[in-house]
Amino acid sequence: MHDMLDIIINYHDLLLSGSYPNGPLGGLALTLFIAASGLVCAFPLAIFIGIARTSKFKIIYLPVTLFTSVIRGLPVLMLVFWSYFAVPLISGHSISGVKTLIVALIIYEMAFLGEIVRAGILSVPRGQVEAARTLGISYSRTMLEVILPQALFTMIPSILNQFINLIKNTSLGYVIGVAELTYSAYQINTLELTKPLQVFGVLAIIYFIVCFSLTQLVGKLENVIQRKRQIKL
């Protein structure tokens with residue numbers, strides 16, 4: 001325990017923000033930035049995927065369903081490697097490891113968030129859709145003004161759960177040299193040499209504190225949503 005406290009005291013800057021402000025951002029700050037960027041960038045695309053997954057037209061439904069099935073069946077690490085080698089070939093120039101990891105997580109989140117959006121859309125009572133169409137409201141307006149606002153509200157806990165998963169998945173950036181939290185711990189372990197259990201014990205504690213705190217927030221939001229549903233009923 002004493003060794004772990006020494007590691008936290010001596011290397012807290014590296015663990016929290018890397019070499020920033022004297023160098024590039026790293027550590028926990030970079031981990032949260034990558035996870036947030038992946039979620040924010042993937043969500044608009046996931047909405048289109050979720051809507052397409054509820055379409056009655058096979059020309060729309062089938063390709064999107066195939067995409068989500070394939071991506072959800074692949075390890076995230078494989079997506080990281082594909083992005084690492086494929087993105088420079090497609091773009092014609094090299095990109096940083098951070099951007100590579102964000103691209104991989106966007107692809108990953110598109111599939112999973114798309115299923116969350118789909119479930120949220122299907123959770124809206126069918127009668128509301130029929131009532132809107134009876135009033136002559138178009139499908140697009142019904143989706144934007146009636147279905148999605150209700151669906152997005154109920155999806156908040158699931159979206160936060162995906163954010164928690166993203167935080168843990170950013171650790172895969174270590175294999176392509178992204179200086180996120182796990183990579184920072186590896187650097188510390190290289191400096192300490194004889195304290196791997198203590199170093200990665202500190203790493204586990206940091207991940208636990210962050211993810212557990214967000215899990216508690218998810219639980220509170222679920223209770224709020226449940227109370228609002230009961231009031232409406």
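This is a predicted model, so every value here is computed, not measured. What you see below is based on every heavy atom in this structure, not just the backbone, and it leaves out hydrogens, waters and symmetry mates.
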Listed by chain and number, what are the side chain to side chain contact (heavy atoms under 4.5 Å, CB included) partners of [X], not counting sequence neighbours?
| X | value |
| --- | --- |
| Thr54 | Arg118, Ile121, Leu122, Tyr139 |
| Asn223 | Arg227 |
| Ser96 | Val98, Lys99 |

Run through the side-chain heavy atoms of Ile, Leu, Val, Met, Phe, Trp and Tyr, join any pair under 4.5 Å, and report what else lands in Leu89's cluster. none
Report the hydrophobic cluster partners of Val40, with the cluster defined as I, L, V, M, F, W, Y residues connected by side-chain heavy atoms closer than 4.5 angstrom, directly or transitively. none
Residue pairs meeting side chain to side chain donor-acceptor pair (under 3.5 Å), one or both in residues 73-85, sequence neighbours left out, come to none
Taking side chain to side chain donor-acceptor pair (under 3.5 Å) as the definition, give me every residue that meets it alongside Gln187, ordered by chain and number, with sequence neighbours left out.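 Applying side chain to side chain donor-acceptor pair (under 3.5 Å) to Gln187 gives none.
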Not counting sequence neighbours, which residues clear side chain to side chain donor-acceptor pair (under 3.5 Å) with Ser37? List them please.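 Here no residue qualifies.
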Keeping to residues at least two apart or across chains, list the ring-ring contact (aromatic ring centres under 6.0 Å, His included) pairs with something in residues 39-80. none
Could you pull out all donor-acceptor pairs under 3.5 Å where a side-chain atom in residues 168-177 meets a protein atom, sequence neighbours excluded?
residue, atom, partner, partner atom, Å
Asn169, ND2, Asn165, O, 3.2
Thr170, OG1, Ile167, O, 2.5
Ser171, OG, Lys168, O, 2.7

Please list every donor-acceptor pair under 3.5 Å in which a side-chain atom of residues 205-213 meets a protein atom from a residue at least two apart or in another chain.
residue, atom, partner, partner atom, Å
Tyr207, OH, Thr182, OG1, 2.8
Ser213, OG, Ile209, O, 2.7

Taking only residues two or more places apart in sequence, or in another chain, which ones meet Tyr108 in a ring-ring contact (aromatic ring centres under 6.0 Å, His included)?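 By the ring-ring contact (aromatic ring centres under 6.0 Å, His included) rule, Tyr108 matches Phe112.
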Rounded to the nearest 0.5 Å, how far apart are CG of Leu166 and CD1 of Ile106?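 Reported to 0.5 Å precision, the distance equals 10.0 Å.
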